[in-house]
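One structure below.
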Amino acid sequence: MISNGKISVIMPVYNAEQYLGESIKSVLNQSWQDWELIIVNDGSSDQSQSIIDSFKDERIKRVNQDNQGVSSARNKGMKLSEGNFLCFLDADDVFTKDSLKSRMEIFKGSEEIMFVDGSVDVYDSQLNELQKSWKPTFRGEPFEELVNLSGKTFFGPTWMIRRSAIGGIQLNDSMSHAEDLLFYIEAARNGGKYDFTEEVILKYRSGNESAMKNLKGLEKGYEILISELSRMEEISASQLIAIKKKIKYMMVKAYLRDFDIFSAISVYLNK
């Protein structure tokens, strides 16, 4: 039984004027109404602030900071949040109508469930063409699945989390990619079960940043991720080697797909 079902939705915003209004509306239109939306404007120079100010719902909290990156913005949002459950929403993505409700229904099943996910539909930048769908395929304690990069429990920042599972954990503010994966790994170290709803919880826009910028940022993010994992006593030396090999394969493949042969070779030769 859930006595307090308030959900804190944390939205970092940086120059997101093109899609921001639609993202905010998707929270306002939720069938689950016990929520707060914390919008952290991370130093936007476009019309994002005007769009944020145009929404008058009292459940929306607004905060501004100089540009410090997505992880810093999410950390600020978590610090200001009051809900017993938390989730993230990027300023260019859209919740489906029952996104919050369908995940909360899973939490009602057991107090051992600390993390709830759902299916994701990936669209083009205008949300017109469905490109692919992602569905979780694992139930249980997710630490090993996350560390092994199995893809069964992780698409991106789509988890809803009980506040009690987070404690003092924050996102690594030096990371702009894979920061959510590291955050979930650190939360999952403390135990607790992962479950998911079969419902689609998010419409994800692809292709909003340059592929090159994404890949260079992802490569750096993975480097920091490996460094952090190497400090975790739960992860063996052989497991860390396997993780490094998997990440190397993923990055080489990504650079080749982007026709960046030089970067692919550089990653391949890097020990």
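Residues: numbered from 1 along the sequence shown. Values in this document were obtained by computation on a predicted structure and should not be read as measured data.
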**Complete:** One should read off an interatomic distance between Q47 CD and S54 OG, to the nearest 0.5 angstrom, of 11.0 Å
**Asked** How far apart are the closest heavy atoms of A264 and V252, and which atoms are they?
**Response** O-CG2, 3.6 Å
**Request:** Keeping the roles fixed (side chain from K61, backbone from L80), state whether a donor-acceptor pair exists under 3.5 Å.
**Result:** yes
**Gap separating the OG atom of S72 from the CG atom of N172, nearest 0.5 angstrom** = 11.5 Å
**Message:** Quick check against the 3.5 Å criterion: does N148 have a side-chain atom that pairs as donor or acceptor with the backbone of S150?
**Reply:** no
**Asked** Step by step, would you call D42 with Q68 a side-chain contact (heavy atoms from CB on, under 4.5 Å)?
**Response** CA-CA 7 Å; D42 187 40; Q68 299 175 50; 4.0 Å; yes
**Prompt:** Hey, is the main chain of D34 close enough, under 3.5 Å, to the side chain of K6 for a donor-acceptor pair?
**Reply:** no
**Least distance between heavy atoms, M175 atom then S71 atom** = O-OG, 2.9 Å
**Centroid-centroid distance, Y184 to F115, less than 6.0 Å** = no
**Prompt:** Does E105 come within less than 4.0 Å of K108, counting only side-chain N to carboxylate O?
**Reply:** yes
**Request:** Indicate, with yes or no, if L240 and L149 share a hydrophobic cluster defined by side-chain heavy-atom contacts under 4.5 Å among Ile, Leu, Val, Met, Phe, Trp and Tyr.
**Result:** yes
**Fill in**
On a heavy-atom basis, the closest approach of A91 and A16 is CB-CB, 3.7 Å
**Asked** With a 4.5 Å heavy-atom cut-off, do F85 and R162 have their side chains touching?
**Response** yes
**Request:** Could you check if a side-chain atom of K193 sits within less than 4.5 angstrom of a side-chain atom of S110, using non-hydrogen atoms only?
**Result:** no
**Asked** Counting distance only, does the side-chain N/O of S23 pair as donor-acceptor with the main-chain N or O of D93 below 3.5 Å?
**Response** yes
**Request:** Please determine if R74 and D90 form a salt bridge, counting it only when a charged side-chain N lies under 4.0 Å from a carboxylate O.
**Result:** yes
**Message:** With rounding to the nearest 0.5 angstrom, report the CZ to CD distance, R139 to E145.
**Reply:** 13.5 Å
**Prompt:** Once you round to the nearest 0.5 Å, how far does CG of D98 lie from CD of E199?
**Reply:** 7.0 Å
**Request:** Walk me through it: do I60 and I24 pass the test side-chain contact (heavy atoms from CB on, under 4.5 Å)?
**Result:** CA-CA 9 Å; I60 298 177; I24 295 174; 4.3 Å; yes
**Message:** Donor-acceptor check, side chain of Q30 to backbone of T96, threshold 3.5 angstrom: yes or no?
**Reply:** yes
**Any donor-acceptor N or O pair under 3.5 Å, side chains E144, Q239** = yes
**Asked** Does V27 reach the side chain of W35, with side-chain heavy atoms less than 4.5 Å apart?
**Response** yes
**Prompt:** Where do R59 and Q33 land on the side-chain contact (heavy atoms from CB on, under 4.5 Å) test, with the steps shown first?
**Reply:** CA-CA 10 Å; R59 294 169 294 179; Q33 288 290 298; 2.9 Å; yes
**Request:** State, yes or no, whether a side-chain contact exists between S266 and Y255 at a heavy-atom distance under 4.5 Å.
**Result:** no
**Message:** Using modelled atom types and a 3.5 Å cut-off, is there a donor and acceptor pairing between side-chain atoms of R205 and backbone atoms of S125?
**Reply:** yes
**Asked** Out of curiosity, does V94 fall in the hydrophobic cluster containing V70 (side-chain heavy atoms, cut-off under 4.5 Å, transitive links)?
**Response** no
**Prompt:** Roughly how far, to the nearest 0.5 Å, is CZ of F138 from OG1 of T153?
**Reply:** 7.5 Å
**Any side-chain heavy-atom pair of I201 and M160 under 4.5 Å** = no
**Least distance between heavy atoms, V40 atom then A73 atom** = CG2-O, 3.4 Å
**Asked** Which residue, L100, I161, I10, D117, forms the side chain to side chain contact (heavy atoms under 4.5 Å, CB included) with C87?
**Response** L100
**Message:** I'd like to know if the side chain of E17 reaches the main chain of N15, judged simply by a donor and an acceptor atom lying under 3.5 Å from each other, with no hydrogens or angles considered.
**Reply:** no
**Asked** Under 3.5 Å, side chain of R189 to main-chain N/O of E234, donor-acceptor pair present?
**Response** no
**Message:** Taking W159 as the starting point, is it possible to reach V200 by hopping between hydrophobic residues whose side chains are less than 4.5 Å apart?
**Reply:** no
**Request:** Would you name the heavy atoms of L86 and M78 that are closest together and state the gap between them?
**Result:** CD2-CG, 3.9 Å
**Asked** Once you round to the nearest 0.5 Å, how far does NZ of K220 lie from NZ of K216?
**Response** 12.5 Å
**Prompt:** Heavy-atom distance under 4.5 Å between the side chains of I106 and F196, does that happen here?
**Reply:** no
**Asked** Counting N and O atoms only, with roles assigned by atom type, does the side chain of W32 sit under 3.5 Å from a partner on the main chain of R103, one being a donor and the other an acceptor?
**Response** no
**Prompt:** Can V63 and N41 be said to form a side-chain contact (heavy atoms from CB on, under 4.5 Å), step by step?
**Reply:** CA-CA 6 Å; V63 61; N41 187 355; over 6 Å; no
**Item:** S263 and L215, any side-chain heavy atoms less than 4.5 Å apart
**Value:** no
**Message:** Taking D121 first and then K203, would you say they form a salt bridge - that is, a charged N and a carboxylate O separated by under 4.0 Å?
**Reply:** no
**Message:** Tell me if a side-chain donor or acceptor on Q170 pairs with a main-chain N or O of N75 at a distance below 3.5 Å.
**Reply:** no
**Asked** For D57, does the CG atom have more than 12 heavy-atom neighbours from other residues, nucleotides or ligands under 6.0 Å away?
**Response** yes
**Prompt:** Between K244 and I226, what is the shortest heavy-atom contact and its length?
**Reply:** CE-CG2, 3.5 Å
**Prompt:** Has Y204 got more than 12 heavy atoms of other residues, nucleotides or ligands less than 6.0 Å from its OH?
**Reply:** no
**Item:** L218 reachable from F183 in the ILVMFWY side-chain graph, under 4.5 Å edges
**Value:** yes
**Message:** Does K25, at its NZ atom, have more than 12 non-hydrogen atoms belonging to other residues, nucleotides or ligands within less than 6.0 Å?
**Reply:** no
**Prompt:** Do Q49 and S44 have side chains that get closer than 4.5 Å, going by heavy atoms?
**Reply:** no
**Prompt:** L182 and I243: same hydrophobic cluster, using ILVMFWY side-chain contacts below 4.5 Å?
**Reply:** yes
